[in-house]
2 protein chains.
Amino acid sequence: MVTKARMQPKVRDREKTERAILDAVGRIILRDGLGAVGINAVAREAGADKVLIYRYFGDLDGLYRAYAEAGDFWWSVEDMLEAAGDAPTLGAALKAGLRHHAAEMRKRPVTLAVIAAEPANRTALVVALEEVRERRSLELMKAVADRYGAPEGADLAALTALLAAAIDYLLARARTIRVYGGVEIKTEQNWERLFATIDAMIDGALAPARPKGRKRP
Amino acid sequence: MVTKARMQPKVRDREKTERAILDAVGRIILRDGLGAVGINAVAREAGADKVLIYRYFGDLDGLYRAYAEAGDFWWSVEDMLEAAGDAPTLGAALKAGLRHHAAEMRKRPVTLAVIAAEPANRTALVVALEEVRERRSLELMKAVADRYGAPEGADLAALTALLAAAIDYLLARARTIRVYGGVEIKTEQNWERLFATIDAMIDGALAPARPKGRKRP
DNA sequence: GGCTTTTGTCACCATACGGTGACATATACC
DNA sequence: GGTATATGTCACCGTATGGTGACAAAAGCC
């Protein structure tokens, strides 16, 4: 009779196991995308039995929530204000802030992977990150208004929403494609081009409304 | 002995079956997202045996390609130029064009669903739509340059890429969320607000570069 | 020492997936 | 009419998934 060799049992350390599981989630998101995260895949990647995932995190959603709490997925408002620094005008602060935003996102490839999967894959992790985004943008709006006052005749929330949406989307897309609408989006150099245009757009949106027909030079 | 009742065989009509299968693809994308499209799901939804999918389309990629060819996923350049109509300036044409773009996208929920899944789900259908997008934007750039000439000191490609990215992304996100960055994005009315800001951004990006320090009113 | 709890391992289950071979029969062609 | 082909139906296969119950043994507690 063939007796199956039992696996050499791991040393018992719940903390370590939990960390291994959470790390595995990050690696899978990065390598195969958020959609590839599943109980079996995580257990395999972590080298832990899947029953432990159920025991420690309840279910996949619980695991997502734990992962969302453990990770660093976003810039903080303080960081952002510091990046804007002593910008003399609201426009300058916005330009610096959006550059900072892009740089911080680039530093967090897992966040970009989640953003890429957001519209298609409404998991608890996605919801958690969306909440962070909304909270941050509200805080930031408030802080900016305190410092610079409300811009006259301009819609600051719409402006930042549009530009942040474009930046997030293009950064996420750059993970898999090289060109969008004829513009290279992969490298940081290419983004200089985009930021030049973004700067001009900001100036336009914050400029006092011009009377019609004054555009021709 | 129990004899299983055979299914009442369908009338034999390959064309009709193929259409039923392709229609099923669209319904699934719309209802459950691009990620839910699979051989079994499509066969079930179409009420056809899955072996017919293999026979008629080869495999899932072949099915995607057939679906991409059969469908109407995008505006045509002629339509777009007509929408811009007799806009007197490049800026006016751009504003009208982007509004047209958004309206046309809204009319094509399947396209929006595919865009939503694009970053996460690189199927043959996604690739096909990406190709359409790139081809269209190049054609359009050319047509615009022919009519209005190249804008001085402005990066037309970057400008349209950024604004189209923001619009596509927010429209796709509006399928599942209500607010982005504090701005409502669900209804067409809410979009009026966004378009007002987009107009100002376009004016800014197309305005001749202003000398520095001239911003304070 | 003896007991309970915690951690880890393993063997299952039902379900769904993509994919294939075998068969039945309506239709088209000679 | 007779035959080949196209269309449709069904029964499988191997694999993977999410999920659970049973067991072994280390760690903690009295």
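Proteins come first, then strands; the chains are lettered A, B, ... in the order of their sequence lines, and each starts at number 1.
- In this structure, NZ of B:K16 is placed 17 Å from C1' of D:dA6, rounded to the nearest angstrom.
- Between B:D32 atom CG and C:dC17 atom P the separation is 11 Å, expressed in whole Å.
- Of the side-chain N and O atoms in A:T17, none sit less than 4.0 angstrom from OP1 or OP2 of C:dT7.
- The nearest whole Å value for the distance from the CZ atom in B:F57 to the P atom in D:dG8 is 11 Å.
- Two residues, B:R12 and A:D59, neighbour DNA chain D, and the one matched to the more 5' nucleotide by heavy-atom proximity is B:R12.
- Between B:W75 and B:H100, the side chains place no donor N or O within less than 3.5 Å of an acceptor N or O (distance only, hydrogens not considered).
- Rounded to whole Å, atom C1' of C:dG18 lies 16 Å from atom CG of B:L52.
- Side-chain N/O atoms of A:Y56 include one lying less than 4.0 angstrom from OP1 or OP2 on C:dG8.
- The side chain of B:N40 contributes an N or O atom lying less than 4.0 Å from OP1 or OP2 of C:dG18.
- When the nearest nucleotides of DNA chain D are assigned to A:D49 and A:R44 by heavy-atom distance, the more 5′-ward of the two goes with A:R44.
- Checking side-chain atoms of A:E134 against main-chain N and O of B:G182 turns up a donor-acceptor pair under 3.5 Å.
- Distance, B:I21 CD1 to D:dG8 C1': 11 Å, rounded to whole Å.
- Along DNA chain C, the nucleotide nearest to B:V11 and the one nearest to B:A41 differ in position, and the one closer to the 5' end is contacted by B:A41.
- Considering A:T197, A:V183, A:I198 in turn, A:T197 is the only one that fulfils the side chain to side chain contact (heavy atoms under 4.5 Å, CB included) rule with B:L159.
- The distance between atom CZ of A:R14 and atom P of C:dT5, rounded to the nearest whole Å, is 16 Å.
- Across all strands shown, A:I39 has heavy atoms under 4.0 Å from sugar-phosphate atoms exclusively, and none from any base.
- Here the nucleotide nearest the side chain of A:K50, chosen from C:dT20, D:dG19, D:dG8, is D:dG19.
- Summarising the geometry, the separation between OH on A:Y54 and P on C:dG8 is reported as 17 Å, rounded to the nearest angstrom.
- The shortest distance between side-chain heavy atoms of B:T123 and B:V37 does not fall below 4.5 Å.
- A:F57 places none of its side-chain heavy atoms less than 4.5 Å from the side chain of A:Y64.
- Atom CD in A:E15 sits roughly 16 Å away from atom P in C:dT6 (whole-Å rounding).
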